Amino acid sequence: MSALKTTVDVTSEDYAAYREAMLAKLDEIETEHAKAIEGGGEKYTERHRKRGKLLARERIELLIDEDSPFMELSPLAAWGSDYKVGASIVTGIGVVEGVECMIIASDPTVKGGSMNPWSVKKGFRAADIAAQNRLPTINLVESGGADLPTQKEIFIPGGRTFRDITRSSARQVPTVALVFGNSTAGGAYLPGMSDYVVMVKEKAKVFLGGPPLVKMATGEESDDESLGGAEMHARTSGLADYLAVDEEDAIRLGRSIIRRLNWHKRGPSPKARYTEPRYDAEDLLGIVPTDLKIPFDPREVIARVVDGSEFDEFKPLYGSSLVTGWAEVHGYPVGILANARGVLFSEESQKATQFIQLANQSNTPLLFLHNTTGYMVGKEYEQKGIIKHGAMMINAVSNSTVPHISMLIGASYGAGHYGMCGRAYDPRFLFAWPSAKSAVMGAQQLAGVLSIVARAAAESRGADYSEENDAAMRAMVEGQIEAESLPMFLSGMLYDDGIIDPRDSRTVLGMSLSAIHNAEFKGAQRYGVFRM
Amino acid sequence: MIARVLVANRGEIARRVFRTCAELGVGTVAVYSDADAELPHASAADAAVRLPGNTPSETYLRPALLVRAAQHTGADAIHPGYGFLSENEAFARAVIDAGLTWIGPPPAAIASMGSKVVSKRLMADAGVPVLAELDPDEVTEADLPVLVKASAGGGGRGMRVVRELAALSDAIASAEAEAGSAFGDSTVFCERYLATGRHIEVQVLADQHGTVWAIGERECSIQRRHQKVIEEAPSPLVDSRMREELFDAARKAAKAIDYVGAGTVEFIVAPTPLSEGPTPRATDAGEFFFLEMNTRLQVEHPVTECTTGVDLVALQLRVAEGEQLPADPPATRGHAIEARLYAEDAAKDWQPQSGTLHAFEVPRAANTFGASAAGGAQAESGVRLDSGFESGSVVGVHYDPMLAKVIAWAPTRAEAARSLAAALSAATIHGVMTNRDLLVNVLRHPAFLAGETDTAFFDRHGLDVLATPLADEAARKLGALAAALADAAAGRQDAKVLGGLPGGWRNVPSQPQRKRYAAGDESYDVAYRIGRSGLVAPDYEGVELISAAPDRVVLGVDGVRRTFNVARYGELRCVDSPLGSVSLTRQPRYTDPEAALPAGSLLAPMPGSVLRVAVESGQDVRAGQPLLWLEAMKMEHQIAAPADGVVAELNVKAGQQVDVGTVLAVVQAATAS
């Protein structure tokens, strides 16, 4: 085993500048996180509390094991949209009675917890994570159902929510619904599809149609309690398995359900003993240059993330723009692919392809550290078959069946984003550092390309090309693309699972790897045809 | 020569006698009741004999059983210890009649002193100053307050202080009843009560050849409920003239009854002139009066041993073997103080406590059951522990709640007090509430240090003040934080998954971790988070976390490093630090509604039996009205209505045994109208 050495000079001016820039970005993100935490704001929070109810995050805190870590997912969902940051729902992985669970809690302070298109997408992402990693799901339900004005974006795709619950159950991965309040109409299928249902006395309300609808449909006079009260469901309909006297009791019952699941993780256990990295995670703030055109050595990141800073590099002398090698994180073995100088050449692509195949042979999860501007372009490279070689790498990534985790630490542009297992390649988890940027290409390059194309078009029409307009167009496009390649925007679109503080990388990876190991996995034996 | 000694006693005194026997090469036999089967004394001897049953009258008070146990195990001598049958003439006779050696005074001497009424007359005749006995029928206002005392009594039982004439007949009746049940002799008598006298006693030792030693005096003025709490030798009050007079009186007392063996002559020293009353000698402060003679080894004998270097138990054995004492007793040197560690809640009327003593260690005590290592010379100063309990022992309800005696000796009184206070405060005592903090407060009290000790010490300086926990509110609050952080560390260590990740880590932190602890009636809600830059605990300004392990938490408190040792037993958390010891009960995170008790539930504060029930179910009661009485640890405990209301449930009847926490009754409070 070889321990990585560091050349980071924490006293240098560059380091200080990078660190300061990173801290400023973290401040911005914290401000956005605060919006998600704030939920519906002071007024609705106060009203909710006056009803003797706990906030979504308070429910989660009370549900999970004391002092256990909790990783919230997609906290910035709906950022940049017309909806509240966080999308009126909290999702995350937490430990309940020693079992890692996907916890999904509607935030009733935001429009009564009603689901908008982003809430639905966030829920889907959580369901995907639960399904891929075999995590039991606990739904903390209090939602007014669909946000009706946006029903067109919710109704048809939203049916997946209920499908996912029962498919989880069919895979013997339990689902639990703790119903704290409204769960009506379509929402009634949330408890309806779950393996275990707890309802809070006098608070839970679960019916297909409320009194007005029933009156209209059949003329029958009824009330909430007889149509869908917790007592009724516990004693008469049997939809509630447990009747909780209050919210705290519902959470207590939820924990006792998980305690009795007899849950066993199917993946291999981590090493019981491992050492922390030799270098301070604090340094991670000052490693990534503010200008992503300046390359940085990803080994400095690896050295602050992996156990004992020990990294066995594979093919160190070949294709040196991509670092590959083996390490462990919190006792879990991983293969790491990290861009070193941005560009992926044929050598790097072939090296990556081989490395991914090796990881599949040895059943080792893969970690992708993105800082790529994409595959190399140019006559020489096209003629040497860069498309074939890039395709090999993408083929290997696509068909690899060991779990992948992607972490965008710098640039993630073009097909390089694909080859490094971008969102579309289904990594189990994808996180971004505040320094990350992702787009089809850099904003400047994209604006330049548009400019060249427009100039050529004008020339072919024989029209005048206004340099002034060109400059304005380039500025506008550059601004737009730059904004759209920033992590907050991408996180809002649910293109990642969250923006993380670089110093938390090791912890986030530890949680992700541990979650992943709830399921068994087996390396791929087949790939698409590799073009040679 | 004695070959094997049976100790007809339990606890620390049994172990104390075994220690000397072992040093002398004498064999040992222990006896134990069922409740004591697991206590250290039961396994400290070469052999042990079970005394079936639990109550003293079933076990340690059965002469025939004890004699048979000695014969059965080949013991040729019986040491009675103190209490139980130690001053029982019939037992002494039975031992002697069985052909065994009685390590104690002649039965006749026991008999003479056994009756306080008789002994006072004997002493008066021998020229020993006594407080005159009062005829209850002739007690007048001028005699008040008076003391009603059991003639056969000891240890404060069957004793009543009467301050109003009207209360006298009731006091006599109840003292008679208590004396009757405790000693089998209901005789009581009356004398003037010296509310603030000083209790001074002289250790005597007499051989069978007429030598009578007065070895030194002890002062035992710090008392609660007429039981000694702190004893010392020599007395800070006694000067050499008074010492001579006391020793002379003590020797006279012993000679008057042909005493043999170790005994103690107790005197009370009047603090102020008694201007009137029928006691002509009591005209000056500093006058002393004979109280009683204890014809046995005293609980507090170690302070004499620590100031003289003698082993009183060894001398008892030698005297019993017929050896002759040298003409003069050894000289005394330095000062020794003994503190009795009781399992009790001093602040709550000395309520006895029971339960598992999870940990009991006095790290500074290098000596046990003796002032010197076996055969070695006595050091100039030291700390000695005489204990009947060890870590893991269960403190039961059947016997005296004394856990141990801690004795410190040093060249001066101030040094001994400082050393003893330090030893006690550094002791690890987990699981059972004790009077430790009270003892330390007394030992550090300016009045105590000035030698101003009298029997009203607790009243004078305020029990509430003296019983103040060593850990003040700030220390208790820090203790709760330490417990929470230690619990968090323990939880991380035991976690099945993600145990190696930072505790309580959040990528989107929104609120702290919370843990609740109760200490007595106080509740501590600890909210904390371990952030990137350390501890975030808004209620603990100026506190930083240096390290947290399941058993030890180091905090920086306003820049000062403080180490807290944390032990956990079930829900109990014991936090020890130089700031004082704190006992906390972890409160459950969730309440199980089925386990919740109805409001107004009255729980048994300790295991015991229901003496009598004064109300019926459905009866209206007023706040404070007694509902029923429990007897536990030889004490009566009244259970009173917490509020005006109605007895909704009554779950027990007289004679029933109840466990601690049993719901005895439920009083439904009347709704305010």
Side-chain angles (χ1 to χ4, degrees), chain A residues 30 33-34 36-38 55-58 60-62 65-73 75-76 86 90 92-95 97-100 244-246 248-249 251-253 255-256 265 270 272-274 276 281-282 330-331 431 498-501 503-504 506-508 510-511 514-515 517-518, chain B residues 481-517 525-537 545 548-550 553 568 571 573 586-596 598:
Chain A
E30 200 184 319
H33 281 168
I37 293 167
E38 188 197 43
L55 301 177
R57 283 179 181 77
E58 288 171 343
I60 293 171
E61 291 285 347
L62 203 55
D65 292 354
E66 286 182 300
D67 305 295
S68 65
F70 178 71
M71 182 163 74
E72 215 179 297
L73 297 162
L76 298 183
V90 184
I93 296 172
V95 184
E97 292 284 351
V99 178
E100 290 153 300
V245 301
D246 55 22
E248 190 188 89
D249 193 34
I251 289 164
R252 183 184 69 88
L253 288 165
R255 287 177 58 83
S256 70
K265 294 174 74 163
R273 288 172 175 280
Y274 53 82
E276 291 295 306
E282 194 69 25
H330 284 288
F431 298 99
I499 307 170
I500 62 165
D501 187 315
R503 295 167 290 186
D504 283 338
R506 176 174 165 77
T507 302
V508 167
M511 279 207 79
S514 183
H517 284 72
N518 274 272
Chain B
L481 175 64
L485 295 170
D487 276 354
R492 294 284 76 212
Q493 209 168 71
D494 297 341
K496 280 195 283 182
V497 294
L498 303 177
L501 270 61
W505 176 83
R506 300 288 180 270
N507 55 336
V508 184
S510 63
Q511 52 211 291
Q513 301 287 319
R514 291 181 186 283
K515 287 183 171 54
R516 248 181 333 125
Y517 298 88
D525 219 326
V526 185
Y528 65 93
R529 206 169 69 72
I530 310 297
R532 206 177 299 284
S533 51
L535 180 72
V536 184
L545 173 61
V553 172
R568 54 180 59 72
E571 301 308 310
R573 303 289 177 272
R586 180 74 207 272
Q587 299 300 293
R589 217 176 153 198
Y590 316 92
T591 343
D592 182 347
E594 287 185 26

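Here is how names work: the chains are called A, B, and so on, in the same order as the sequence lines, proteins then strands, and each is numbered from 1. Not measured: the values here are computed from a predicted model.
- For the options Asp501(A), Val508(A), Leu253(A), heavy-atom pairs under 4.5 Å to chain B are most numerous at Asp501(A).
- If you measure heavy-atom distances from Arg589(B) to chain A, the contacts under 4.5 Å come from both the backbone and the side chain.
- For chain B, the nearby parts of Arg503(A) are the backbone and the side chain; heavy atoms of each come within less than 4.5 Å.
- Contact between Gly503(B) and Ile530(B) at its shortest, heavy atoms only, is O-CB, 4.3 Å.
- Neither the backbone nor the side chain of Asp494(B) comes within contact range of chain A, judged by heavy atoms closer than 4.5 Å.
- The pair Lys265(A)-Glu100(A) meets the salt-bridge criterion, with a side-chain N (NZ, NE, NH1 or NH2) lying under 4.0 Å from an Asp/Glu carboxylate O.
- Only the side chain of Arg532(B) comes within contact range of chain A, with heavy atoms under 4.5 Å apart.
- If you measure heavy-atom distances from Leu62(A) to chain B, the contacts under 4.5 Å come from both the backbone and the side chain.
- Neither the backbone nor the side chain of Ala495(B) comes within contact range of chain A, judged by heavy atoms closer than 4.5 Å.
- Of the atoms belonging to Asp504(A), heavy atoms from both backbone and side chain fall under 4.5 Å from chain B.
- The backbone N or O of Ala483(B) lies less than 3.5 Å from no partner atom in the side chain of Arg586(B), so there is not a single donor-acceptor pair.
- Of the charged side-chain nitrogens involved, at least one lies within less than 4.0 Å of a carboxylate oxygen, so that Asp592(B) and Arg252(A) count as a salt-bridged pair.
- Between chain B and the options Ile37(A), Asp246(A), Val99(A), Leu55(A), heavy-atom pairs under 4.5 Å are most frequent for Ile37(A).
- The pair Glu58(A)-Arg514(B) fails the salt-bridge criterion, with no side-chain N (NZ, NE, NH1 or NH2) lying under 4.0 Å from an Asp/Glu carboxylate O.
- Partner of Asp487(B) under the side chain to side chain donor-acceptor pair (under 3.5 Å) criterion, out of Gln513(B), Arg573(B), Lys515(B): Arg573(B) alone.
- No other option in Glu30(A), Glu66(A), Met71(A), Glu248(A) has as many heavy-atom pairs under 4.5 Å with chain B as Glu66(A).
- Within a 6.0 Å radius of CD in Gln511(B), other residues, nucleotides and ligands contribute more than 12 heavy atoms.
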